[in-house]
Amino acid sequence: MTFNGTWKVDRSENYEKFMEQMGINMVKRKLASHDNLKIIIEQSGDKFQVKESSTFRTVEINFTLGVSFDYSMADGTELTGSWALEGETLKGTFNRKDNGKQLLTTRIISGDELIQSYNYEGVDAKRIFKRG
């Protein structure tokens with residue numbers, strides 16, 4: 001299973017509530033809800049190159065499955081963690097550097113959609129991306 005491709009955000013479910021739980025202020029939540037996020041994923045074996053571009057920033061993340069790395073969210077929240085491939089699901093386990101709390105995220109491909117799910121302190125959210 002490959003995650004290779006260009007993915008554009010199509011819709012979100014409970015994303016604003018998730019961001020609120022993460023401690024992101026209202027102005028940033030409103031902006032993030034309309035960020036036109038595009039993700040380009042290039043997978044080669046257990047190595048991934050991910051380019052995230054939105055209205056607000058462009059960032060490139062390179063990681064290897066099972067190897068911990070640091071990541072900064074668009075609002076400046078610093079995380080450290082890793083991705084693992086379980087079957088056809090990419091599972092990310094990250095800890096916030098400021099409070100040590102865990103953020104879980106998954107990516108799966110379903111038809112022509114990439115579904116990215118989040119869980120932080122009991123609040124679940126999804127962002128659904130279309131290929132293209």
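The minimum heavy-atom distance between Ser117 and Thr105, with the atom names listed, is O-OG1, 2.8 Å. Here the shortest heavy-atom pairing between Glu88 and Phe3 reads O-CZ, 3.7 Å. The two residues Gly66 and Ser82 make their nearest non-hydrogen contact at C-CB, 4.2 Å. Closest of all the heavy-atom pairs between Asp75 and Lys28 is O-NZ, 3.6 Å. In terms of heavy-atom proximity, Lys30 sits nearest to Glu16 at NZ-OE2, 3.3 Å. Taking every heavy atom of both residues into account, Ser53 and Thr58 meet most closely at CB-OG1, 3.5 Å.
Ile109 places a side-chain heavy atom less than 4.5 Å from the side chain of Trp7. Under the 4.5 Å side-chain criterion, counting only non-hydrogen atoms from C-beta, Leu104 is not in contact with Tyr118. The shortest distance between side-chain heavy atoms of Thr77 and Leu79 falls below 4.5 Å. The shortest distance between side-chain heavy atoms of Phe48 and Glu42 does not fall below 4.5 Å.
Checking side-chain atoms of Thr106 against main-chain N and O of Lys91 turns up no donor-acceptor pair under 3.5 Å.
No hydrogens or angles considered: nothing links the side chains of Asp46 and Thr64 as a donor-acceptor pair under 3.5 Å.
Applying the 6.0 Å contact sphere to NZ of Lys130 captures more than 12 heavy atoms from other residues, nucleotides or ligands. More than 12 heavy atoms of other residues, nucleotides or ligands sit less than 6.0 Å from atom NZ of Lys97.
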One pair to check against side chain to side chain contact (heavy atoms under 4.5 Å, CB included): Asp124 and Glu13. What are the steps and the verdict? CA-CA 9 Å; Asp124 294 313; Glu13 297 173 6; over 6 Å; no
Walk me through it: do Arg29 and Glu20 pass the test side chain to side chain contact (heavy atoms under 4.5 Å, CB included)? CA-CA 7 Å; Arg29 288 196 313 265; Glu20 182 179 357; 3.9 Å; yes
Let's go through Asn119 and Leu103 carefully: what are the C-alpha distance in whole Å and the side-chain angles of both, what is the deciding distance for side chain to side chain contact (heavy atoms under 4.5 Å, CB included) to 0.1 Å, and is it a yes or a no? CA-CA 6 Å; Asn119 177 279; Leu103 167 64; over 6 Å; no
Apply side chain to side chain contact (heavy atoms under 4.5 Å, CB included) to the pair Arg96 and Met22, showing each step before the final yes or no. CA-CA 10 Å; Arg96 290 179 62 146; Met22 288 282 295; 3.9 Å; yes
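In this structure, NZ in Lys17 is found 6.5 Å from CD in Gln21, a value given to the nearest 0.5 Å. Here the CZ atom belonging to Phe94 is positioned 10.0 Å from the CG atom belonging to Asp70, to the nearest 0.5 angstrom. Here the straight-line distance linking atom CD of Glu113 with atom CD1 of Ile128 works out to 6.5 Å at 0.5 Å rounding. Ser68 contributes atom OG, which lies 8.5 Å from atom CG of Asn95 (distance to the nearest 0.5 angstrom). Here Ile108 contributes atom CD1 and Ile115 contributes atom CD1; the two are 4.5 Å apart, rounded to the nearest 0.5 Å. Between the CG atom in Leu65 and the CG atom in Leu85 there is a gap of 6.0 Å [rounded to 0.5 Å].
Ion pairing between a basic and an acidic side chain is recognised when a charged N comes within 4.0 Å of a carboxylate O; Arg131 and Asp10 show no such pairing. Looking at Lys51 and Glu60, no side-chain N of the basic residue comes within less than 4.0 Å of a carboxylate O on the acidic one, giving no salt bridge.
Using bins of under 30°, 30° to 60° and over 60° for the plane-to-plane angle, the ring pair Phe63/Phe69 lands in the parallel bin.
For Glu52, the side chain to side chain contact (heavy atoms under 4.5 Å, CB included) partners at least two apart in sequence or on another chain are Leu37, Ile39, Val50, Arg57, Val59, Ile61, Tyr71, Arg107.
In this structure, Arg127 satisfies the cation-pi test against Tyr15, with its NZ or CZ atom closer than 6.0 Å to the six-membered ring centre and inside 45 degrees of the ring normal.
Just one residue in the list Ile40, Ile41, Asn62, Asn4 forms a side-chain contact (heavy atoms from CB on, under 4.5 Å) with Gln49, and that residue is Asn62.
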